[in-house]
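Right, one structure below, let's go through it.
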Amino acid sequence: MTEPLDQEEYERPRLGTLGPVRVRVPAKINLHLHVGPVRSDGFHELVTVYHAISLYDELSVRRGDRLTLTMEGEGAGELAGDDDNLVLRAARALARYTQREPLARLHLRKQIPVAAGLAGGSADAAAALVACDALWGTNLSRDELASVAGTLGSDVPFLVLGGTALGTGRGERVSPVLASSHSWHWVVAVAGLGLSTPTVYRELDHLREYGAARESVGAPDRLLAALRQRDPLVLAAALGNDLQPAALSLRPELRRTLEAGHDAGALAGIVSGSGPTCVFLATDARHAEALAKELVDSGTCRSAQPAHGPVPGARVV
Ligand code: C5P
């Protein structure tokens, strides 16, 4: 007797298609980010809790006689259109792994801000893997996709998976921490200027060297317990990010954004990943709407919008 396929298997295309294949991929925030020492490969050992939120990029892919990429939307003009582009690198990496030619026409619609600490570039790479896998009918397992994803960037495997997950290693080893339908409500406040991730990690190293860094957030036990309790006030008290002091040191004006969120009644405010985006926890969807409006009115950020999480990772729509 054959095992019944689960919902996920039903949704995955079984054969290559002429396209277009459309894939939607979320942004991520880090509910907990412990940064350990620098490793010999230049990366830092992490223990992080990733959380995918309802702010999406969309990639559509169709057959072509070469590999091409066009882009539109939020910050698309700032992205590399050449070999450094993570979408093209992802398509090539999947083609190499499955021993085929990387032939596809890709079009990316961006809504996730660039260089914002929301893993927009990694999200696009995850979308390219899932989209080309469907277009080419290579039908890799999620584990295989995650292993190709890990070669492209530390956050890419999480964006294939989505939900809420524990990340270890340099962030590329992920395992789901919660299979719950409970939704958390956030406001994502985007700054005017982006921040480079390596610069923020270097700043943390400098702060630590001079004894100026805060004590690390340590292990994520309290955060994981808070997620199970489903009480936003408990979660608010458990959020933590070792990169926050480094982002604030490089961008002191982010303190004003965090203060504005606090004054507007956010349950908590935190720099997302390496920043400069700040995310605020709200009680519910209405509270998030009201907070977003007050943050925009405060003039301390470029934009502020409500989002909820967890949501699935890169998926064909
Ligand atoms: O893996 P990814 O390409 O996203 O990393 C971007 C940069 O962020 C790395 O080149 C490194 O400077 C820094 N980083 C780090 N430790 C990690 C993840 C990223 O130092 N665990």
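- Put simply, CD on Q305 and CG on L291 are 13.5 Å apart, with the number rounded to the nearest 0.5 Å.
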Assess the residue pair L235 and L227 against the criterion (side chain to side chain contact (heavy atoms under 4.5 Å, CB included)); give the C-alpha distance rounded to whole Å, side-chain angles, the decisive distance to 0.1 Å, and a yes or no. CA-CA 6 Å; L235 183 65; L227 283 170; 3.9 Å; yes
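- Interatomic distance, CG of D57 versus CG of L55, reported as 7.5 Å (0.5 Å rounding).
- The distance from the CG atom of L33 to the OG atom of S216 is 9.0 Å, given to the nearest 0.5 Å.
- Summarising the geometry of A126 relative to V25, their closest heavy-atom pair is CB-CG2, 4.4 Å, with the distance given to 0.1 Å.
- Heavy atoms only, all atoms of each residue included: P220 and L166 are closest at CG-CD1, 4.0 Å.
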Begin with the C-alpha distance, continue with both residues' side-chain angles, and end with the deciding distance and a verdict on side chain to side chain contact (heavy atoms under 4.5 Å, CB included) for L94 and D133. CA-CA 8 Å; L94 180 69; D133 179 53; 4.1 Å; yes
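- Inter-residue side-chain proximity for Y56 and V311 is flagged as met; some heavy-atom pair is nearer than 4.5 Å.
- L86 and L59 fall within the same hydrophobic cluster, where Ile, Leu, Val, Met, Phe, Trp and Tyr residues are linked whenever their side-chain heavy atoms come under 4.5 Å apart, directly or through other members.
- Linking ILVMFWY side-chain heavy atoms closer than 4.5 Å, directly or via other members, places L254 and V200 in two distinct hydrophobic clusters.
- Side-chain atoms of H32 come within 3.5 Å of backbone N or O of G218 as a donor-acceptor pair.
- Counting only distance, with no hydrogens or angles, the side chain of R214 and the backbone of Q244 share no donor-acceptor pair below 3.5 Å.
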Evaluation steps, side chain to side chain contact (heavy atoms under 4.5 Å, CB included), between V160 and R142: CA-CA 8 Å; V160 172; R142 288 266 151 197; 3.4 Å; yes
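- Panel note: side chain T277, backbone A116; a donor-acceptor pair is recorded below 3.5 Å.
- Rounding to the nearest 0.5 Å places CZ of R202 at 7.5 Å from NE2 of H206.
- The shortest distance between side-chain heavy atoms of R302 and P113 falls below 4.5 Å.
- Closest non-hydrogen pair, V271 versus N241, comes out as O-ND2, 2.8 Å.
- Applying the 6.0 Å contact sphere to CD of E101 captures no more than 12 heavy atoms from other residues, nucleotides or ligands.
- Other residues, nucleotides and ligands place no more than 12 heavy atoms under 6.0 Å from the CZ atom of R109.
- We find the CZ-OG distance between R230 and S183 to be 10.0 Å, quoted to the nearest 0.5 Å.
- Heavy atoms of other residues, nucleotides or ligands lying less than 6.0 angstrom from CZ of R39 number more than 12.
- In this structure, P26 and A314 approach most closely via the heavy-atom pair CD-N, 4.1 Å.
- Here the straight-line distance linking atom CG of L108 with atom CG of N85 works out to 7.5 Å at 0.5 Å rounding.
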Residues L140, S147; criterion side chain to side chain contact (heavy atoms under 4.5 Å, CB included); working and verdict: CA-CA 10 Å; L140 297 195; S147 88; over 6 Å; no
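- A continuous path of hydrophobic side-chain contacts links V49 to L239 [ILVMFWY only; heavy atoms under 4.5 Å].
- Using a distance-only test at 3.5 Å, with no hydrogens or angles considered, a donor-acceptor pair links the side chain of S54 to the main chain of H308.
- For the pair V87 and M71, the minimum side-chain heavy-atom distance is 4.5 Å or more.
- Annotation: side chain of V148 is not in contact with side chain of L145 (no heavy-atom distance under 4.5 Å).
- Remark: the T300 side chain and the R256 side chain contain no N/O donor-acceptor pair separated by less than 3.5 Å.
- You'll find the side chain of P276 stays beyond 4.5 Å of the side chain of L250, heavy atoms only.
- Closest approach of L258 and I270 over heavy atoms only: CD2-N, 3.7 Å.
- The hydrophobic clustering, which links ILVMFWY residues whose side-chain heavy atoms are closer than 4.5 Å, places Y97 and L129 together.
- R208 has its side chain within reach of V35: a pair of non-hydrogen atoms, C-beta onward, lies under 4.5 Å apart.
- Remark: the H107 side chain and the S60 side chain contain no N/O donor-acceptor pair separated by less than 3.5 Å.
- Among R315, K110, R24, R22, the one residue that satisfies the salt bridge (Lys or Arg N to Asp or Glu O under 4.0 Å) test with E58 is R22.
- By the 4.5 Å heavy-atom criterion applied to side chains, V47 and V217 are not counted as neighbours.
- In this structure, Q99 places its CD atom where only 12 or fewer heavy-atom neighbours from other residues, nucleotides or ligands lie under 6.0 Å away.
- Contact annotation: the side chain of T164 never approaches that of Y50 to less than 4.5 Å [non-hydrogen atoms, C-beta and beyond].
- Hydrophobic clustering of Ile, Leu, Val, Met, Phe, Trp and Tyr side chains at less than 4.5 Å, counting indirect connections, keeps I112 apart from F280.
- Between H51 and W184, the side chains place no donor N or O within less than 3.5 Å of an acceptor N or O (distance only, hydrogens not considered).
- Although no hydrogens or angles enter the test, the distance criterion places a donor-acceptor pair under 3.5 Å between the side chain of R63 and the main chain of L135.
- Scanning all heavy atoms of the two residues, the minimum distance from I29 to S272 falls at CG2-OG, 3.6 Å.
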